[in-house]
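Have a look at the structure below before the remarks.
In what follows, chains are A, B, ... by sequence order, proteins preceding strands, each numbered from 1.
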Amino acid sequence: MRAKQDIELLQEAVKAFEAETNLTIDIVGEGFFDNHREIDGMIELPYQAGRLGVEVKNWAQHANIGAIANQIKAMPVEGMLVADYINPAMAERLRKLGIHFLDTVGNAYINKPPLYIWVINKKPNQAHKQLKEGGNRAFDATGLKVVFGVLCNPGLVAAPYRKIAEQTDVALGTVGWVVNGLKEAGYLLDRGKKKDRRLTERQKLLERWVEAYPEKLQPKLKLGEFVADNPHWWEAVDTEKYDAFWGGEIAAAKYTGYLKPKMATVYLPEARRGQFLADARLRKAPDHVGAGNRVKVYGTFWRPDRVNANREIKDTKAIEKYLTGVAPPILVYADLIATGDGRNREAARMIHERYIAEHLRED
DNA sequence: TGTGTTCTAGATGTGCTAAG
DNA sequence: CTTAGCACATCTAGAACACA
């Protein structure tokens with residue numbers, strides 16, 4: 001699995017090197033053990049310069065150079081670093097440390113007589129960014145806003161980019177990225193020559209969104225954690241007054257009547273935060289401790305007015321059964337799944353069955 | 001004119017390094 | 001060991017551009 005990625009990265013780096021230098025490197029081994037140490041690969045240099053063991057590092061910029069150096073020095077054979085991208089500063093340091101390297105955009109340092117290679121300052125380009133694993137903008141923070149919008153209202157994908165941008169509150173430029181990302185990942189089809197975009201694999205797309213949301217988007221929305229004086233504080237709060245929405249367990253309770261909420265989640269426009277916290281008598285939660293009466297507060301990221309009722313975009317299946325002052329079912333579903341709690345999971349299942357499944361059915 | 005695509009500047013985020 | 005500032009990379013909004 002991981003080995004496969006490593007090999008691909010190595011192949012890509014070799015290709016970049018060959019394109020850059022017109023020299024040839026052969027990959028003579030991939031992912032094996034030598035003296036109980038794993039080696040990601042082995043390459044054969046041109047001009048009988050010999051062989052080098054390969055240590056593959058994805059995301060090298062965020063790794064510790066010293067640690068990498070040690071790892072490579074400790075290899076049972078003379079080794080080199082193969083990375084996605086080596087920036088000029090790192091390149092210089094690696095050269096000083098005497099560590100050979102290759103990256104996937106053509107930078108290289110190899111000092112193994114008779115061979116001497118020193119290529120730096122090659123920049124990763126758009127194509128590379130797009131190629132890179134995880135480079136699917138549909139599942140980045142802003143992409144997730146768009147995907148959420150189209151999940152709530154599948155007909156929206158067929159609308160002009162400008163409309164989609166406006167509805168989901170992102171820039172025009174990002175819509176293209178997301179649409180292409182969805183296409184690439186197989187969630188969006190262009191039928192016919194006329195623009196007629198449709199979502200497919202909607203259930204899978206939902207799952208993908210649910211998985212990515214707490215990772216990429218939710219952290220950016222987080223306004224803080226707070227505590228209330230008593231566990232029933234929320235029953236007296238009218239979220240609508242603040243243009244706010246219950247999420248998580250409280251929302252689940254309202255949708256299903258099944259849960260007794262413990263942890264509260266609320267989505268609140270940032271501008272109303274102070275007012276809400278004051279009125280509800282919430283105070284900042286101490287860093288750790290105390291599961292009781294806690295409230296997670298997030299900013300809103302969707303356009304309730306649009307998601308909720310936009311009949312000008314024809315979609316027969318836009319979700320009808322919204323409760324006011326409560327986050328859309330899909331978001332609540334994601335909140336619940338993210339907790340990993342058994343009862344929450346069950347509530348999530350109920351919400352899915354009642355509010356989401358039919359809505360995502362394809363015809 | 002309406003639509004999609006590409007480019008760029010600025011904002012944001014992150015690890016690194018130097019200073020305390 | 002912790003912190004602050006720095007350098008670099010990434011991300012995104014919005015505009016310019018291109019196309020039909």
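Atom NZ of A/K222 and atom P of B/dG13 are 15 Å apart (whole Å). Straight-line distance from the CH2 atom of A/W177 to the P atom of C/dT10: 13 Å, rounded to whole Å. Atom-to-atom, CG of A/L182 to P of B/dG4 comes out at 15 Å; the value is rounded to the nearest Å. What separates CG of A/N180 from C1' of B/dT6 is a distance of 12 Å, to the nearest Å. For A/I164 and B/dT3, the CD1 to C1' distance is 12 Å, given to the nearest whole Å. Between A/D103 atom CG and C/dA9 atom P there is a gap of 11 Å when expressed in whole angstrom units. C/dT12 atom P lies 17 Å from atom OH of A/Y161, rounded to whole Å. Rounded to a whole Å, the NZ atom of A/K163 is 13 Å from the P atom of B/dG2.
Sorted by first then second residue, the salt bridge (charged side-chain N to carboxylate O under 4.0 Å, His left out) pairs that include residues 323-344 of chain A, not counting sequence neighbours, number zero.
Under the rule for a side chain to side chain contact (heavy atoms under 4.5 Å, CB included), the partners of A/A347 that lie at least two apart in sequence or sit in another chain are A/A252, A/Y258, A/L259, A/L336. Taking A/Y161 as the reference, nothing meets the ring-ring contact (aromatic ring centres under 6.0 Å, His included) condition, with sequence neighbours excluded. For the side chain to side chain contact (heavy atoms under 4.5 Å, CB included) test, residues two or more places apart in sequence or in another chain that qualify with A/R273 are A/L223, A/F226, A/L268, A/L277. Remark: A/F276 engages A/Y242 in a ring-ring contact (aromatic ring centres under 6.0 Å, His included) (not counting sequence neighbours). With sequence neighbours excluded, no residue satisfies side chain to side chain contact (heavy atoms under 4.5 Å, CB included) with A/P219.
Paired with A/L206 under the rule side-chain contact (heavy atoms from CB on, under 4.5 Å), one option of A/Q203, A/K204, A/R208 passes, and it is A/Q203.
Backbone-only contact: A/A141 has heavy atoms under 4.0 Å from sugar-phosphate atoms and none from a base.
By the 4.0 Å N-to-carboxylate-O rule, A/D190 lies too far from A/R198 to be salt-bridged with it.
Each end of the helix from B/dT1-C/dA20 to B/dG20-C/dC1 yields a helix axis from five base pairs, and these two axes differ in direction by 0° (to the nearest 10 degrees).
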Do any side-chain atoms of residues 22-29 of chain A form donor-acceptor pairs under 3.5 angstrom with protein atoms, and if so which ones, sequence neighbours left out?
none

Taking only N/O atoms, report every protein-nucleotides 13-20 of chain C pair under 3.5 Å with atom names and distance.
from	atom 1	to	atom 2	distance (Å)
C/dA13	OP2	A/A171	N	3.0

